[in-house]
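Presented below is the structure to which this report refers.
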Amino acid sequence: MKTLQFVKKSKSYNSNHGGQIYYIFFKGIGKSYRTVLFDNMRNFKNWNNVLNNAKRGDYICNLRIKLYKGKEIIDADSDPLLYTPEQYMESEKQRYVDFYGVEPY
């Protein structure tokens, strides 16, 4: 599972198969990613929080990567978790404490 920073969502586009399409863009360390969401697909509900509340710089956790035409993209069947930068740093600090048993300095 990957954690990436949210960059932006595109405007909605009409799908050739009915409904709307959204592109979501992310950045990792030295690499950028994207995913495509169709509002008439079952997995769309997993992304509601990200689509409605994410701001540039927020962290999206629990993302799976898959290959599409030889390029790594975010799997739209992921179950993303949205964190503000402050929430993410706090969760990482807690993870450190849980693992090492001491506070980071």
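For the single chain, residues carry numbers from 1 onward in sequence order.
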Taking C-beta and beyond as the side chain, do Q5 and R56 meet within less than 4.5 Å on heavy atoms?
no

Is a side-chain N or O of N52 found less than 3.5 angstrom from the main chain of N49, in a donor-acceptor match?
no

Counting N and O atoms only, with roles assigned by atom type, does the side chain of D39 sit under 3.5 Å from a partner on the main chain of Q20, one being a donor and the other an acceptor?
yes

same_hphob_cluster(F25, I60) at 4.5 Å side-chain heavy-atom cutoff
no

Test side chain to side chain contact (heavy atoms under 4.5 Å, CB included) on V102 and V97; report intermediate values, then the result.
CA-CA 5 Å; V102 294; V97 170; over 6 Å; no

Assign the ring pair Y100 / Y96 to parallel, tilted or perpendicular, where the plane angle (0 to 90°) is split at 30° and 60°.
tilted

Among all residues two or more places apart in sequence or in another chain, which pass the ring pair (Phe, Tyr, Trp, His ring centres under 6.0 Å) test with Y33?
none

Between Y23 and F26, is there a shared hydrophobic cluster once you connect ILVMFWY residues whose side-chain heavy atoms come closer than 4.5 Å?
no

Scanning both residues in full, the closest heavy-atom pair of A76 with L37 reads CB-CD2, 3.9 Å

Could you tell me the separation between the CG atom of L4 and the CZ atom of R34, rounded to the nearest 0.5 Å?
14.5 Å

Are F6 and M89 co-members of a hydrophobic cluster defined by side-chain heavy atoms under 4.5 Å apart?
no

What is the distance from atom NZ of K27 to atom NZ of K8, rounded to the nearest 0.5 Å?
13.0 Å

Value for CG (L51) from NZ (K9), rounded to nearest 0.5 Å, stands at 5.5 Å

By the rule that ILVMFWY residues connect when side-chain heavy atoms come within less than 4.5 angstrom, directly or transitively, which residues belong alongside Y68?
I73

What's the separation between atom OH in Y22 and atom CZ in F44, rounded to the nearest 0.5 Å?
5.0 Å

Within this structure, what is the NZ-NZ distance for the pair K2 and K31, rounded to the nearest 0.5 Å?
7.5 Å

Please list every donor-acceptor pair under 3.5 Å in which a side-chain atom of residues 78-85 meets a protein atom from a residue at least two apart or in another chain.
| from | atom 1 | to | atom 2 | distance (Å) |
| --- | --- | --- | --- | --- |
| S78 | OG | R64 | N | 2.9 |
| S78 | OG | D75 | O | 2.7 |
| T84 | OG1 | E86 | OE1 | 3.4 |
| T84 | OG1 | Q87 | N | 3.2 |
| T84 | OG1 | Q87 | OE1 | 3.4 |

Has the side chain of E72 got a donor or acceptor atom that lies under 3.5 Å from a matching backbone atom of L67?
no

dist S15:OG -> N40:CG (nearest 0.5 Å) comes out at 6.0 Å

Quick check: does any side chain N or O of T35 sit under 3.5 Å from a backbone N or O of I74, one acting as donor and the other as acceptor?
yes

Would you say K45 has more than 12 foreign heavy atoms packed within less than 6.0 Å of its NZ?
yes

Return the orientation label for the Y59 and Y88 ring planes: parallel under 30°, perpendicular over 60°, tilted otherwise.
parallel

